[in-house]
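Below is one structure, written out as structure tokens; the observations come after it.
The analysis underlying the following values was restricted to heavy atoms, covering all of them including side chains, and did not include hydrogens, waters or symmetry mates.
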Amino acid sequence: MKKLLYAMRHCETLFNVQHKSQGWCDSPITPRGVEQCRVAGEELRRRGVTFDHFYTSTSERCCDTMELVCQTAFGEVKPYVRKKGLRECGFGIFEAKDDFIEPGFGPGLMEVRGLVMSAGGGEGYEQICERITSCMSEIMADPNTQNVLVVGSGGSLGQFYSEVLGPGFERPRANSNCMTYVYEWEDGVFTSVEVYQQDFTGIDCGGLDGSGVPNRWAMDLDAARRALCGEA
């Protein structure tokens, strides 16, 4: 019997805005992230998919995304299970650092990236693939499961996608927040059906980049103004 798996990346977070590496560490979602969840929920509602099970990574950003998406899509927060197997890649010494210092992605670079991450106390490429694939397979093999919604992180979900497609296939270049991978599962085999990006056109919550995160200099200047004017 074919089953359906929707695997969604979490919404925008503070570390996404600050271009920080965000693996097993966490950061809060932004106001724009909240709006992204609304859009993602509306898309699920439009598709009319009925899910019987819901799973997230143990990261708060994924839990928040699941709850907000469900609120829009189904009018309520659905009960969900948190699984460490769905966590983002462990980045070791690169955690919470500027993301430009990470080893690169791209054709032929994933194994090298994995070796560097592993040497720095993080997870290697094979470790991540084995962890995420094992967890996804366990979820879908449940005889009481038919359609599943998973919320995870971009790196681990992207590597699972590459693992499903097999050698010679790379993860999608674009890896936007709330990007969703759709799979069919039958007799222990995953088949990629679709990968879709949400349309966030028009979302602007203020701040220099539309994220709604206040700019530090604007905050400092406003505080100085209030002090000079004797305002509370």
Side-chain angles (χ1 to χ4, degrees), residues 2-13 16 22-23 29-30 32-83 85-89 105 128-129 131-133 135-140 145-165 169-186 189-203:
K2 287 186 179 181
K3 301 181 180 183
L4 194 63
L5 168 65
Y6 273 59
M8 180 184 296
R9 186 191 179 201
H10 61 78
C11 67
E12 183 186 80
T13 68
N16 291 155
Q22 185 174 226
I29 65 175
T30 65
R32 181 165 58 192
V34 173
E35 287 300 296
Q36 290 173 343
C37 290
R38 176 186 57 77
V39 171
E42 289 174 349
E43 175 61 19
L44 285 183
R45 186 171 58 196
R46 184 191 69 79
R47 288 172 174 246
V49 183
T50 301
F51 297 103
D52 48 66
H53 286 80
F54 301 81
Y55 296 88
T56 73
S57 157
T58 49
S59 297
E60 184 175 292
R61 61 190 184 268
C62 297
C63 298
D64 287 347
T65 298
M66 175 66 83
E67 293 178 14
L68 289 167
V69 167
C70 283
Q71 191 66 57
T72 297
F74 314 114
E76 62 179 347
V77 176
K78 298 290 189 179
Y80 59 92
V81 177
R82 300 165 68 243
K83 283 187 169 288
L86 296 174
R87 285 191 300 178
E88 177 60 300
C89 314
F105 294 95
I128 299 164
C129 289
R131 168 171 62 81
I132 189 75
T133 301
C135 189
M136 291 290 202
S137 297
E138 178 187 342
I139 287 171
M140 299 309 292
T145 290
Q146 183 56 47
N147 295 338
V148 176
L149 176 62
V150 163
V151 176
S153 295
S156 55
L157 292 182
Q159 290 195 199
F160 176 67
Y161 177 75
S162 298
E163 189 77 358
V164 169
L165 293 185
F169 290 90
E170 296 289 337
R171 63 204 297 179
R173 285 294 184 173
N175 189 21
S176 65
N177 296 108
C178 294
M179 175 176 169
T180 304
Y181 301 83
V182 184
Y183 302 95
E184 287 182 347
W185 183 93
E186 187 174 23
V189 178
F190 287 94
T191 303
S192 176
V193 175
E194 179 186 6
V195 181
Y196 69 87
Q197 311 273 351
Q198 312 289 346
D199 182 4
F200 297 137
T201 303
I203 294 181

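- With hydrogens and angles disregarded, a donor-acceptor distance shorter than 3.5 Å links the side chain of Q146 to the backbone of K2.
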Apply side chain to side chain contact (heavy atoms under 4.5 Å, CB included) to M66 and L149, showing your working.
CA-CA 9 Å; M66 175 66 83; L149 176 62; 3.8 Å; yes
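- How far SG of C89 is from CD1 of I128: 3.5 Å, rounded to the nearest 0.5 Å.
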If you apply the rule side chain to side chain contact (heavy atoms under 4.5 Å, CB included), what do you find for W185 with L5, and how did you get there?
CA-CA 7 Å; W185 183 93; L5 168 65; 5.9 Å; no
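- Scanning both residues, L44 and A73, for their nearest heavy atoms gives CB-CB, 4.0 Å.
- Taking SG from C129 and CD from E163, the interatomic distance works out to 4.5 Å, rounded to the nearest 0.5 Å.
- In this structure, the side chain of S156 does not engage the main chain of G152 through any donor-acceptor pair within 3.5 Å.
- In plain terms, the two heavy atoms of T72 and G41 that are nearest each other are CG2-C, 3.8 Å.
- In this structure a side-chain-to-backbone donor-acceptor pair under 3.5 Å is missing from E184 to T191.
- For the atom pair N16 CG and I29 CD1, the distance stands at 11.0 Å (nearest 0.5 Å).
- Remark: the backbone N or O of E12 is paired with a side-chain donor or acceptor of Q36 at under 3.5 angstrom.
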R47/E42 under salt bridge (charged side-chain N to carboxylate O under 4.0 Å, His left out): CA gap, chis, key distance, verdict
CA-CA 9 Å; R47 288 172 174 246; E42 289 174 349; over 6 Å; no
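- Distance alone, capped at 3.5 Å, places no donor-acceptor pair between the T133 side chain and the R131 backbone.
- Between E35 and R38 there is a salt bridge, since at least one side-chain N of the basic residue sits less than 4.0 Å from a carboxylate O of the acidic one.
- Checked by atom type and distance alone, the side chain of R82 never pairs as donor or acceptor with a backbone atom of C63 at under 3.5 Å.
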Give the C-alpha distance, both sets of side-chain angles, the deciding distance and a yes or no for side chain to side chain contact (heavy atoms under 4.5 Å, CB included) between Q159 and V164.
CA-CA 9 Å; Q159 290 195 199; V164 169; over 6 Å; no
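- Contact of the F200 side chain with the C178 side chain is registered, since non-hydrogen atoms from C-beta on lie closer than 4.5 Å.
- Here the closest non-hydrogen pair linking V195 and M179 is CG1-CE, 3.3 Å.
- Closest approach of V69 to A40, counting heavy atoms only: CG2-CB, 4.1 Å.
- Looking at T56, its side chain never comes within 3.5 Å of a backbone N or O of V151 through a donor-acceptor pair.
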Start with the C-alpha gap between Y181 and E194, add the side-chain angles, then the distance that decides, and say whether side chain to side chain donor-acceptor pair (under 3.5 Å) holds.
CA-CA 6 Å; Y181 301 83; E194 179 186 6; over 6 Å; no
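- Under a 3.5 Å cut-off, the side chain of S57 and the backbone N or O of S59 do form a donor-acceptor pair.
- Residues E138 and K83 are paired through a salt bridge, judged by an N-O separation under 4.0 Å between the basic side chain and the carboxylate.
- Residues Q198 and M8 approach most closely at NE2-CE, 4.3 Å, considering heavy atoms.
- A salt bridge does not link R45 to E43: none of the charged side-chain nitrogens sits closer than 4.0 Å to a carboxylate oxygen.
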Between Y183 and F160, is the ring-ring contact (aromatic ring centres under 6.0 Å, His included) condition met? List the steps.
CA-CA 11 Å; Y183 302 95; F160 176 67; 5.2 Å; yes
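- Taking the six-membered ring where the residue is Trp, the centroids of F51 and Y6 are separated by under 6.0 Å.
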Would V148 and L4 count as a side chain to side chain contact (heavy atoms under 4.5 Å, CB included) if you check the C-alpha gap in whole Å, the side-chain angles of each, and the deciding distance to 0.1 Å?
CA-CA 6 Å; V148 176; L4 194 63; over 6 Å; no
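- Of all heavy-atom pairs spanning H10 and S153, the tightest one is CD2-OG, 3.5 Å.
- Using a 4.5 Å heavy-atom cutoff, the side chains of I132 and L86 are in contact.
- The cationic atom of K78 (NZ for Lys, CZ for Arg) lies less than 6.0 Å from the six-membered ring centre of F74 and within 45° of the ring axis.
- Within 6.0 Å of the CD atom in E60, the count of heavy atoms belonging to other residues, nucleotides or ligands does not exceed 12.
- Here the CD-OG1 distance, from Q197 to T180, works out to 8.5 Å after rounding to the nearest 0.5 Å.
- Atom CZ of F190 and atom OG of S137 lie 4.5 Å apart (nearest 0.5 Å).
- Between F54 atom CZ and N147 atom CG the span is 9.5 Å, to the nearest 0.5 Å.
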